[in-house]
Amino acid sequence: MKFGKDFYWGGSVSANQIEGSFDVKGKGMSISDTMELSKDIDWKKIPKLTRMSTERFNSVLENPTKGYFPKRNGVNFYNKYKEDIELFSELGINVFRTSIAWTRIFPKGDESEPNEDGLKFYEDMFKELQSKGITILLTVSHFEIPTHLVKEYGGWKNRKVYEFFKIFLDVIVEKFNKYVKFWIAFNEINVAYFIPYFGSGIILDQYDKKNWNSIMYQALHYQFLATAYLVKILKVKNKECKVGAMVSYDTSYYEKCDPNDVIEQMKYDQEHNEFCLDVMIFGEYPGYTKRIFEEKNIKIDTTQEELKLLKENTCSYVSISYYSSSVISADNNLERVEGNLVSGFKNKYLKSTEWGWQIDPQGFRYALNKIWNKYKLPIFVSENGIGLHDTFTKDNKVHDNDRIYYLETHIKEMHNAIVLDGVDVIGYTMWGLMDIVAASTAEMSKRYGVIYVDQDDYGNGTQNRYRKDSFFWMKKMIEESK
Ligand code: BG6
């Protein structure tokens, strides 16, 4: 499979899942630092909309050291990044996606002056990447809202949080525009209405249920404005920088050709996959917003000036995370399966991962086609991969054939989309790159990386890094793809 020498191959992680050192050199606490791992908590069983309760949140803030919180330790990238980047370089990647922990730069989120130590960490890391010829794809916010902004301001539903985020953007754009080529303001911005605690720092149980949708969409509106603001300031600071619109993309199929199913799937696709892209790419709310807002009784505040900001500052590439697909039907009694942010119905033609996410490489090709045909903008795939229980052998090996199979079949379908369907895909960063703490369950044993990290769920282990079989496969695949 040839992709050409300019294609971006890389890996993707987030600050909160990889860095650790959650309280050093002035760093404040973020929402990810509140996710405890314990035998008494099964995150998978807690509804996504109310993943964090006020009771649990307050208890963590009151007793911050009671319990084990894996994302506070990550996999110690903060101290080991030079060694890790050396491995990335050996792998042959030319792009690395990570995020900036807001709380390293503004520990509480509402300060006016940044923490210089935090800025220095990222600048040093970016210089290290640059010295290896690795381009940086930066997510500004990847589930890293300061807990102070959640407690005192109620998260992104509050306009003030948007104002604080603009100050954060001003600082990092000024400092890092010369290092970072590709920008994404919010990881999977559509998470705002699937897991609002992760995406917007909102704890819904504090509000009357009839207002939940308005609260979530108001928060999302401020994030659209923040994205437009990032586009606006980068246009002035550095025209070489590109801002992408990123969503979690879940290919969906209707169950049968009953028009009721077809319409249900259309609505799902609009709301799940296209709504946020439409706003960030076309610069305005799409026509079907009327239906969604009516059906969900949503009311948001906005002004002509805000709508002008959206219209004049649109994104220049599309980015997606793609893991699985699901089936949609008007019949609610079908068997449900898990997925990244959502759960849909079972597809009898597909197998699932151990965590129940349906594996669908052709759904990936289908997604890339749909996106390209609608938006006609370059696509950067910023997440794709599989969570597996890996076995670390006595001779320090990991024979992860299932991961190789997953990556290879998805990359083949991406190749088909490019070569056969004419889709403009410019890059692919597989999710995980090295084993990190899982976002949804805070486990270490759900591993995505091609680099094994000797660390268990509770942080035991040497933290040494080892090349899995998939590492050697990926290195060869990249070399041969040029
Ligand atoms: C994406 C997130 O939704 O899915 C990542 O952007 C996350 O942060 C990835 O890690 C996989 O999910 P999980 O829960 O298996 O880590």
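First listed ligand is number 1; within each ligand, the first listed atom is number 1.
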- Message: Under a 3.5 Å cutoff, is there a donor and acceptor pairing between the side chains of Gln455 and Asn76?
- Response: no
- Would you check whether Tyr448 reaches within less than 4.0 Å of ligand 1, judged by its heavy atoms? yes
- Query: In terms of atom number and element, which parts of ligand 1 are under 4.0 angstrom from non-hydrogen atoms of Ala438?
  - Reply: 16 (O)
- Message: With ring-ring contact (aromatic ring centres under 6.0 Å, His included) as the test, pick out the partner of Tyr317 among Phe182, Trp183, Tyr375, Tyr8.
- Response: Phe182
- Closest protein heavy atom to atom 10 (O) of ligand 1, given as residue, atom name and distance to 0.1 Å: Gln17 NE2, 2.9 Å
- Query: Which heavy atom of the protein is the closest neighbour of atom 7 (C) of ligand 1, given with residue, atom name and distance?
  - Reply: Ala439 CB, 3.5 Å
- Message: So is Trp357 touching ligand 1 or not, going by heavy atoms under 4.0 Å?
- Response: yes
- Message: Quick check on side-chain hydrogen bond (donor to acceptor under 3.5 Å, both in side chains): which of Tyr428, Trp431, Tyr322 does Asn384 satisfy it with?
- Response: Tyr428
- Message: Checking a contact table here: which protein heavy atom is nearest atom 3 (O) of ligand 1, and how many Å away?
- Response: Glu188 OE1, 2.6 Å
- Query: Hey, are Ser319 and Ser382 close enough side-chain-wise for a donor-acceptor pair under 3.5 Å?
  - Reply: yes
- Item | Contact partition for Tyr323 relative to ligand 1, non-hydrogen atoms under 4.0 Å | side chain
- Message: As an exercise, identify every atom of ligand 1 less than 4.0 angstrom from a heavy atom of Asn340.
- Response: 1 (C), 3 (O), 4 (O)
- Would you mind checking which non-hydrogen protein atom is closest to atom 5 (C) of ligand 1, with the distance to 0.1 Å? Trp431 CZ2, 3.5 Å
- Item | ring-ring contact (aromatic ring centres under 6.0 Å, His included), paired with Tyr217, selected from Tyr193, Trp212, Trp156 | Tyr193
- Task: Specify the protein heavy atom at minimum distance from atom 1 (C) of ligand 1: its residue, its atom name, and the distance to 0.1 Å.
- Result: Glu383 OE1, 3.0 Å
- Message: If you apply the rule side chain to side chain contact (heavy atoms under 4.5 Å, CB included), what do you find for Phe198 with Lys48, and how did you get there?
- Response: CA-CA 9 Å; Phe198 280 12; Lys48 289 181 169 136; over 6 Å; no
- Query: Under 4.0 Å from any heavy atom of His142, which atoms of ligand 1 are there?
  - Reply: 2 (C), 5 (C), 6 (O), 8 (O)
- Query: Taking the six-membered ring of Trp357, is the NZ or CZ of Lys44 close enough (under 6.0 Å from the centre) and on axis enough (within 45°)?
  - Reply: no
- Task: Do me a favour and list the nearest non-hydrogen protein atom to atom 14 (O) of ligand 1 with residue, atom name and distance?
- Result: Ser440 OG, 2.4 Å
- Message: So Glu144 and Thr103, do their side chains get closer than 4.5 Å, heavy atoms only?
- Response: no
